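A quick write-up on the structure given underneath.
All values below come from the heavy atoms of this structure, side chains included, with hydrogens, waters and symmetry mates left out. Keep in mind that what you see is a predicted model, and the values were worked out from it rather than measured. A, B, ... follow the sequence lines: proteins, then strands. Residue 1 opens every chain.
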Amino acid sequence: MKITFPDGSNKDFETGTTLVQVAESIGAKLAKASLAAELNGTLVDMTTPLKEEARVRFLTFSDEEGVDTFRHSSSHVMAQAVKRLYPEAKLAIGPPIEDGFYYDIDLAERISDDDLNRIEEEMDRIVAEEIPFTREVLPREEAIRLFKELGEDYKVEMIEEMDEDTVSIYRQGDFVDMCRGPHVPHTGYIKSYKILHTAGAYWRGDEKKKMLQRLYGTSWFDKKDLKAYLDRLEEARKRDHRRLGRELDLFSIEEEAGAGLVIWHPKGALLRTLIEDLERKEHLRRGYQIVMGPQLLKVDLWKKSGHWDNYRENMYFTEVEGAQYGIKPMNCVAHMLIYRSSIRSYRDLPLRYFELGTVHRHEKSGVLHGLLRVRGFTQDDAHILCTPEQLNSEIRGVIAFVRDMMGVFGFEYEMEISTKPEKSIGSEEDWERATQALMQALKDEEIPYKINEGDGAFYGPKIDVILKDAIGRMWQCATVQCDFALPERFELEFVGADGERHRPIMLHRVILGSIDRFLGVLIEHYAGAFPAWMSPVQVKILTITDRSANYARSVAGRLREEGFRVESDLRNEKIGYKIREARLEKVPYMIVLGDREADTGTVAVRHREDGDRGVVPLDEFVEGVRGEMAPPKIPYKEG
RNA sequence: GCCGGGAUAGCUCAGUCGGUAGAGCAACUGAUUCGUAAUCAGUAGGUCGUCGGUUCAAGUCCGAUUCCCGGCUCCA
């Protein structure tokens, strides 16, 4: 029986040889590292005996499938430990996820953090026992009977909904789980793991269904990798924007003021202003017009826009002299009124209305999260009204804009297109054309994307841009949405070249999204060490002794004249202490001034990254850093 | 909103069995005038998230509530 390997080589084996034995014949190292294998394109266990000639690829922890297999087996080991300690526990699902795995368990008793240690101890025993994972294939009915006997109601429910005639199950000792597999050969593989925390999770992700207990864990082939991962989590904790926001005195969110309402302190407000100034400048360059709408609009207008019917739950309302008003959750309505305020010709289009609009949304209490999920935030929002012919180039303009802005901050991002959902308005052709326009725009700009079928807004498809925070959570920032509904509801029109009235198409788009959320991600991205142009304090002047105070004041004055943002530390403290504090504040440039510098009109420059840069004349320092102190110039070609 | 955990000085945290509140850092005061990540000494700082209950006595036990943390659902 001939077995062929990925490099094209092949070898003969007797029928019935297992994959483990095949791997061993190649090398003990490979056999030890192989977690599963791909047999003629299908994932199988290493214990699988071979019947006929085949192509084989061994999967180790450096293959994605190998990692998934390993973590999936880890979740089974954890589940077995749980079942040993809590025989009445019912198992739901236990898949691998990025960097780990989880298992959802239905158990009346609450699993506390102390219990996690007990579960880990039980897992240690299971690992030491090196229990083999064995696969069986049962007829569907028999599998249902088995899991009914075991009281595993969730497994029964899943099998009953499956189409297949047979079901594969895996056993490890007295533990049985329904599972597609594959698994590692035995439990002894799972040596480097940790149960991280518990959480609630709805059965099947449906908030109407029962809340189960989810145990999150992580596991690695190597002890070193586990430690590296736990260290990485610790590092991420240090760059958490909520922690840095307090340490750098950027913002606060206070119980007294209300949940999800951000209070920007001077340094944070300055940071925000710098970003907003850049945005205004870039929008004007790209043919947007800056507009501003009110914070409250009458309820009738929200009824007309559809928000009353579709978004009321998320809105705040107030009453003034008997009239009902809604606080805006979006900026679009005022923009509609601006468009409608005069007769528009096709020659006027596209019209691009831009607003740094502060909106308020009533978010459920459990979802609030620092700056990343709040109840009041400012969007860099714009509504583009254009003809159907202009749609493609307008979308491309937005995509290019997103790319340019993300480039400024060095962000990696992912793009997704969300298509027509089940509940939607508008004609089939409109949807098709809009979706094609979005796809074509991404193709034209050579940006890869994935498709989220049926995830679009009810009024149109959208492109979403997703950024990651410090611990890998994904946050949506930029979005481009086609909207047919609002132009219709507000009866927007333009006079075409044919002299007839036509309906414009509207693009709703944000580039950074919520400025607040974006800054949260940005703080984590830079770990608080912002590039000089956006650092609230760009230069901190540190004196060696009181004697240098006057010289320090004159240097500070000169730098301020240059437009640099400067702070001075003239306290009677040792220089090491002042440097330490300035470092913790993550100020990009420190200038150390003592008698030597005062006598020669020089400054001793220290940078937060590379330390002491030596002594230079003040003018030389100014010219040397002028470029990085100014907001970046973004390359932009019109058209 | 749901599940679990939590809230003690500006920050990080300790506080035993219910018996009158503790540390380090920060702050303030004084001394020190110092050359690239923490000088020394002293002082002050708390309605223990809030409201209610049990008790002779509550930071500690019970209930409610607000907010926070980790997830789920939802989302910029």
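- Within 6.0 Å of atom CD in A/Glu88, more than 12 heavy atoms from other residues, nucleotides or ligands are found, so the atom counts as buried in its surroundings.
- Comparing the P positions of B/G15 and B/A7 gives a spacing of 11 Å, expressed to the nearest Å.
- Within a 6.0 Å sphere centred on CD of A/Glu234, heavy atoms belonging to other residues, nucleotides or ligands number more than 12.
- Below the 3.5 angstrom threshold, one finds no donor paired with an acceptor across the side chain of A/Arg204 and the base of B/C72.
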- request: List the protein contact pattern of nucleotides 35-45 of chain B with one symbol per nucleotide (5' to 3'): B for base contact, S for sugar-phosphate-only contact, - for none; contact means a heavy-atom distance under 4.0 Å.
  value: BBBBB------
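- Partners of A/Tyr288 according to the side chain to side chain donor-acceptor pair (under 3.5 Å) rule, which considers only residues two or more places apart in sequence or in another chain, are A/Arg509.
- For A/Glu416, the salt bridge (charged side-chain N to carboxylate O under 4.0 Å, His left out) partners two or more places apart in sequence, or in a different chain, are A/Lys450.
- When the C1' atom of B/C75 is taken as reference, atom CD of A/Gln379 falls 11 Å away, rounded to whole Å.
- Using a 4.0 Å cut-off, no side-chain N or O of A/His369 falls inside it from OP1 or OP2 of B/G71.
- For the residue pair A/Ser535 and A/Lys586, no side-chain donor N or O sits within less than 3.5 Å of a side-chain acceptor on the partner.
- Partners of A/Arg608 by salt bridge (charged side-chain N to carboxylate O under 4.0 Å, His left out), not counting sequence neighbours: none found.
- Looking at residues 477-485 of chain A, you'll see A/Cys477 sit with a heavy atom under 4.0 Å from some atom of RNA chain B.
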Look for any protein N or O under 3.5 Å of an N or O in nucleotides 9-15 of chain B and output each such pair with its distance, or none.
residue : atom : partner  : partner atom : Å
B/U12   : OP1  : A/Arg246 : NH2          : 3.1

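- With rounding to whole Å, A/Asn452 atom CG is found 15 Å from B/C74 atom C1'.
- Atom CG in A/Asp104 sits roughly 14 Å away from atom C1' in B/G4 (whole-Å rounding).
- A/His197 has its NE2 atom 11 Å from the C1' atom of B/C72, to the nearest Å.
- For the 3.5 Å distance criterion, the side chains of A/Glu453 and A/Thr419 qualify, holding a donor opposite an acceptor.
- For B/A76, the base is not stacked against the aromatic ring of A/Trp475, per a cut-off of 5.5 Å between centres and 30° between planes.
- In this structure, A/Asp206 places its CG atom 15 Å from P of B/C72, rounding to the nearest Å.
- Within the structure, every pair that satisfies the salt bridge (charged side-chain N to carboxylate O under 4.0 Å, His left out) test and touches residues 362-378 of chain A, not counting sequence neighbours, is listed here: A/Glu207-A/Lys364, A/Glu363-A/Arg373.
- Across all strands shown, A/Gly513 has no heavy atoms under 4.0 Å from either base or sugar-phosphate atoms.
- Between B/U73 and B/C2, the two C1' atoms lie 8 Å apart (nearest whole Å).
- Taking atom C1' on both B/U60 and B/C3, the two are 26 Å apart, rounded to the nearest angstrom.
- One can place CG of A/Leu467 at 11 Å from C1' of B/A76, the figure rounded to the nearest angstrom.
- Base engagement by A/Val374 is indicated by at least one non-hydrogen atom pair under 4.0 Å involving a base atom.
- Atoms NZ and CG, from A/Lys90 and A/Asp104 in turn, are 15.5 Å apart once rounded to the nearest 0.5 Å.
- Heavy atoms of A/Val367 sit under 4.0 angstrom from at least one base atom.
- To the nearest 0.5 Å, the span separating CD1 on A/Ile327 from CE on A/Met315 amounts to 8.5 Å.
- When the C1' atom is used for both B/A38 and B/G24, the distance is 13 Å, rounded to whole Å.
- A/Gly205 comes within 4.0 angstrom of sugar-phosphate atoms only, judged by non-hydrogen atoms across all strands, and of no base.
- Closest contact between the side chain of A/Met211 and the listed nucleotides B/G70, B/C3, B/C75 involves B/C3.
- Comparing B/G63 with B/U55, their C1' atoms are spaced 16 Å from each other, to the whole Å.
- The aromatic rings of A/Phe409 and A/Phe411 sit tilted, their planes meeting at an angle between 30° and 60°.
- Taking atom C1' in both B/C40 and B/G22, one finds a spacing of 24 Å when rounded to whole Å.
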statement: Note, RNA chain B 5' to 3' with Watson-Crick or G-U pairs under 3.5 Å encoded as ( ), [ ], | and . gives (((((((..((((.....[..)))).(((((.......))))).....(((((..]....))))))))))))....
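- Comment: A/Asp240 engages A/Arg242 in a salt bridge, judged by a side-chain N to carboxylate O separation of less than 4.0 angstrom.
- Note: A/Phe621 and A/Phe564 have perpendicular aromatic rings, judged against thresholds of 30 and 60 degrees for the angle between ring planes.
- Under 3.5 Å, the side chain of A/Arg547 and the base of B/C34 form no donor-acceptor pair of N or O atoms.
- A/Arg613 pairs by the side chain to side chain donor-acceptor pair (under 3.5 Å) definition with A/Tyr589, A/Asp610, not counting sequence neighbours.
- Residue-to-nucleotide proximity on RNA chain B shows that, of A/Thr545 and A/Phe377, the 5′-proximal contact is made by A/Thr545.
- As judged by a 4.0 angstrom heavy-atom cut-off over every strand, A/Arg110 is placed among residues touching the sugar-phosphate backbone only.
- On the P atoms, B/C11 is 15 Å away from B/U50, given to the nearest whole Å.
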Could you go through nucleotides 60-68 of chain B and list every protein N or O atom that sits under 3.5 Å from one of its N or O atoms, giving the distance for each pair?
residue : atom : partner  : partner atom : Å
B/U66   : O2'  : A/Glu255 : OE2          : 3.0
B/U66   : O2   : A/Glu255 : OE2          : 3.0

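- A cation-pi arrangement, defined by a distance under 6.0 Å to the six-membered ring centre and an angle within 45 degrees of its axis, is absent between A/Arg71 and A/Phe101.
- Take A/Phe251 and apply the ring-ring contact (aromatic ring centres under 6.0 Å, His included) test, not counting sequence neighbours, and it matches A/Trp264.
- At the heavy-atom level, A/Tyr216 lies under 4.0 Å from the strands shown only through sugar-phosphate atoms.
- Atom-to-atom, CG of A/Asn331 to C1' of B/A76 comes out at 11 Å; the value is rounded to the nearest Å.
- Across the C1' atoms, B/A41 and B/G35 are found 25 Å apart, a figure rounded to whole Å.
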message: If you apply the rule side-chain contact (heavy atoms from CB on, under 4.5 Å), what do you find for A/Met406 with A/Leu467, and how did you get there?
response: CA-CA 10 Å; A/Met406 293 303 149; A/Leu467 303 181; 4.1 Å; yes
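- A/His335 meets the ring-ring contact (aromatic ring centres under 6.0 Å, His included) test with A/His383; sequence neighbours excluded.
- Interatomic distance, A/Arg517 CZ to A/Thr378 OG1, rounded to the nearest 0.5 Å: 13.5 Å.
- Between A/Asn310 atom CG and B/C74 atom P there is a gap of 17 Å when expressed in whole angstrom units.
- The side chain of A/Gln213 contributes no N or O atom lying less than 4.0 Å from OP1 or OP2 of B/C3.
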